[in-house]
Colleague: 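Before anything else, here's the structure in question.
Values reported hereafter were calculated over all heavy atoms of this structure, with side chains retained and with hydrogens, waters and symmetry mates removed. Below, read A as the first sequence line, B as the second, and so on, with proteins coming before strands; counting in each chain starts at 1. As the structure is a computational prediction, the values presented were derived from the model and not from experiment.
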2 protein chains.
Amino acid sequence: MSTQRSTPSPAPRRGGATLQQVADAAGVSLATASRVLNGSTRTVNPELSEHVREVATRLRYVSHGPAQALARATTSLVGLLVHDVNDPYFSAVAAGAMRVARERDLLVMVANTYRDPELELDYITRLGAQRARAILVAGSPPVDPALAKPLRERLLDYQQGGGRVVSIGDQGPDIDAVLPANVEGARAAALHLTALGHREIGMVAGPRGLVTIADRSEGFRSGLMDSDGDPVGHEIEGAFTRDGGYDATQRLLAAHPDVTAVFVMADVMAIGALAALRDAGRRVPDDVSLVGFDDLPICADLMPALTTVRVDTEGMGEQAMRMVVSEVQDEGRAVVHSATELIVRGSTGPAA
Amino acid sequence: MSTQRSTPSPAPRRGGATLQQVADAAGVSLATASRVLNGSTRTVNPELSEHVREVATRLRYVSHGPAQALARATTSLVGLLVHDVNDPYFSAVAAGAMRVARERDLLVMVANTYRDPELELDYITRLGAQRARAILVAGSPPVDPALAKPLRERLLDYQQGGGRVVSIGDQGPDIDAVLPANVEGARAAALHLTALGHREIGMVAGPRGLVTIADRSEGFRSGLMDSDGDPVGHEIEGAFTRDGGYDATQRLLAAHPDVTAVFVMADVMAIGALAALRDAGRRVPDDVSLVGFDDLPICADLMPALTTVRVDTEGMGEQAMRMVVSEVQDEGRAVVHSATELIVRGSTGPAA
DNA sequence: CTGTTAGCGCTTTCAC
DNA sequence: GTGAAAGCGCTAACAG
């Protein structure tokens, strides 16, 4: 576009001085400058070192990440795949992960996949292209092996290329994971409800294709099974959002007006369920008891406060990030379990 | 650690094949392979192109981001500085920013600064070192120029190095910004309350050092000023969290038991305020009206639903990210305003 | 403890 | 339309 100049003017350098310039200005070799400025095990004469450091500061030297990555064949970048950062569940996981990333001097690239398999694959490729040192997968994998396979394979590819993968939720063999006790938590919720005398119980599920939901559903049913009085669960599916919960609850009430308790498999949805119950004129917990899952911070401030199953979301994020920087196990994959706990609050009470 | 080998075994390549290997396998030059595989304006014979593409796929070639960054002197990485991703306000901004980042094929590195100035500076440096193409600053800057200066200067440094900076909130001259109408929104809240007949009004502020809070406080006071009946505002400061709001409201009630309305300058805090009011036996809105700020999604589902000032958080995130990739203005900085709107719900009513 | 010297993988003139 | 070659900025042997 611009006219060619015969004397190539020294374009204003993009990122300050280069290491070479610092070395020259300090009267040392490139190697020495490198050693003092960018962490090396090799030791350098303290005085010289100090001098180089001064010159670097004066020249506003800033290391060139990409160049270092190229030379070192490794980066300090970690990818984090979430369904949606704007969902409190994932933002908590992200916050946990970032806390330890910060301690370890890692930069976190967050990718919102909107639960779109194509996007997920694409992001993994892009993170691989950036030579991210690791990828954290926070979203629940699909139950259907056919659907899970592409993701899993792409992850394995990436892993084989030298990257580390840690998943929150089971992505199958060879992929390290931290596993929330969804089954146990849901089971506890069921026992709680049946102990209160509930027999006709609604189950508001999120997308059944997700193992998270499948596990919670299964755990709840197993709890029902082991309770006296032959309690029965009526399951309905909804979108993984507030409105999805609202909508599903309406349908549940229409189909089974006699339920005295509802188990909603995610708090985001439970918020909608609470609204639906209210709009339907059902008092909580007097007419209908409500139990959620995840224990989002807002739960305690809902009216009534929501009984729910606590999941240590931040802790899982931290744990996953810790695994990323840990030594890889020689034998088999690393699996860490994260406990869940039933938190009883005001939204549950004895059956009417 | 491991014993030195005389024959340096060809270590399993970290990221699959290199461009050179693809070129060789395809029987073309490195340059040609580069042209077909990584976007170039130069045109290549369609057949040859197709052939190279096939070979690349077969060899599982994945471009090497850092190497490209080095050669091109530019990256597709953007930094996003937030106080805390786990705060719904920031996670919404992040979600908006990521949506357009995705459209533009940009990867977003998110940094949690916990409102720590040191950390902020450090992250900017690190993002600069990674040669991030731009930095989005989402957190409110400090009011005190002395405190704002280091951040501002670091940002300017980065910008001078060729990076783009866009801030949500005013970081001063030369830094592009998207500015939420905090003053106007707060003003509207005041007018709403005084119109309902309130005269003794509590103001629960977040950290007064932040311009966001200062603006909201100022706007509210100006609204009070322009109202009839000489309404008076009692301001109290609290931490920028649910508990901060709870605590500050308790103190407010103790100091000014006669308030009939409370304006809380952030919804996160308003959630705590609502609880404090409830715990103090004040009915909302019968005894005390409550107005928040931000319009977090949960507001509509609180009991009562919270009257609040809507801020287009996601929209601001989108806008900011859009500015990042837009042409830089030749003259002066780019500033975009984002409107706010009072949303009246159940938490406000006529003065007792 | 310090300097020399190969690259790391890719882009981009510049010739052909 | 295609290839050869010169780097981009830095690290890591290797030799002194």
Colleague: Could you give the CZ-to-C1' distance, from B:R72 to C:dT13, as a whole number of Å?
Modeller: 16 Å

Colleague: Let me know the distance between CG of B:D24 and C1' of C:dG9, rounded to the nearest Å.
Modeller: 13 Å

Colleague: List for me each residue that meets salt bridge (charged side-chain N to carboxylate O under 4.0 Å, His left out) alongside A:R102, sequence neighbours excluded, and say none if there are none.
Modeller: B:D122

Colleague: Could you pull out all residues at least two apart from B:R152 that satisfy salt bridge (charged side-chain N to carboxylate O under 4.0 Å, His left out)?
Modeller: none

Colleague: Does A:R133 reach the main-chain N or O of A:G162 with its side chain, forming a donor-acceptor pair under 3.5 Å?
Modeller: no

Colleague: Roughly, in whole Å, what's the span from CD in A:Q20 to P in D:dC10?
Modeller: 9 Å

Colleague: With no hydrogens and no angle check, is any side-chain donor or acceptor of A:E318 less than 3.5 Å from a backbone partner on A:A95?
Modeller: no

Colleague: Could you go over nucleotides 1-4 of chain D and give all protein N or O partners under 3.5 Å, atom names and distances?
Modeller:
unit_1	atom_1	unit_2	atom_2	d
D:dG1	OP2	B:T43	OG1	3.3
D:dT2	OP2	B:N45	N	2.7
D:dT2	O4	B:R42	NH2	2.9
D:dG3	OP2	B:S29	N	3.1
D:dG3	OP2	B:S29	OG	3.2
D:dG3	OP2	B:T32	OG1	2.6
D:dG3	N7	B:R35	NH2	2.6
D:dG3	O6	B:R35	NH1	3.4

Colleague: Taking only residues two or more places apart in sequence or in another chain, which ones pass salt bridge (charged side-chain N to carboxylate O under 4.0 Å, His left out) with A:D87?
Modeller: none

Colleague: Take the protein atom CG of A:L37 and the nucleotide atom P of D:dC10, then report the distance between them rounded to whole Å.
Modeller: 9 Å

Colleague: Can you pull out how bent the helix from C:dC1-D:dG16 to C:dC16-D:dG1 is, comparing the axes over its first five and last five pairs, to 10°?
Modeller: 30°

Colleague: Between D:dT11, C:dT11, C:dG9, which nucleotide has the shortest distance from any of its atoms to the side chain of B:T18?
Modeller: C:dG9

Colleague: What is the distance from OH of A:Y61 to P of D:dG9, rounded to the nearest Å?
Modeller: 10 Å

Colleague: Please check this pair: side chain of B:R99 against backbone of B:E314, looking for a donor-acceptor N/O pair closer than 3.5 Å.
Modeller: no

Colleague: Quick one: is B:S34 getting a side-chain N or O under 4.0 Å of the C:dC10 phosphate, OP1 or OP2?
Modeller: no

Colleague: Quick check for you: among C:dT11, D:dC10, C:dC10, whose closest atom lies nearest to any side-chain atom of A:L19?
Modeller: D:dC10

Colleague: Please find the pair of heavy atoms, one from B:T75 and one from B:A69, that lie closest to each other, and give the distance.
Modeller: CG2-CB, 3.6 Å

Colleague: Should A:Q68 be listed as having a side-chain N or O under 4.0 Å from OP1 or OP2 of D:dC10?
Modeller: no

Colleague: Test of understanding: with ring-ring contact (aromatic ring centres under 6.0 Å, His included), list the residues that count as partners of B:Y123, not counting sequence neighbours.
Modeller: none

Colleague: Atom CD of B:Q130 to atom P of D:dC10: distance rounded to whole Å?
Modeller: 12 Å

Colleague: Starting at CG of B:L70 and ending at P of D:dA6, how long is that distance when rounded to a whole Å?
Modeller: 17 Å

Colleague: Quick one: is A:N38 getting a side-chain N or O under 4.0 Å of the D:dT11 phosphate, OP1 or OP2?
Modeller: yes

Colleague: Test A:R322 against A:S326 for side-chain hydrogen bond (donor to acceptor under 3.5 Å, both in side chains), laying out the working first.
Modeller: CA-CA 6 Å; A:R322 246 181 249 122; A:S326 67; over 6 Å; no

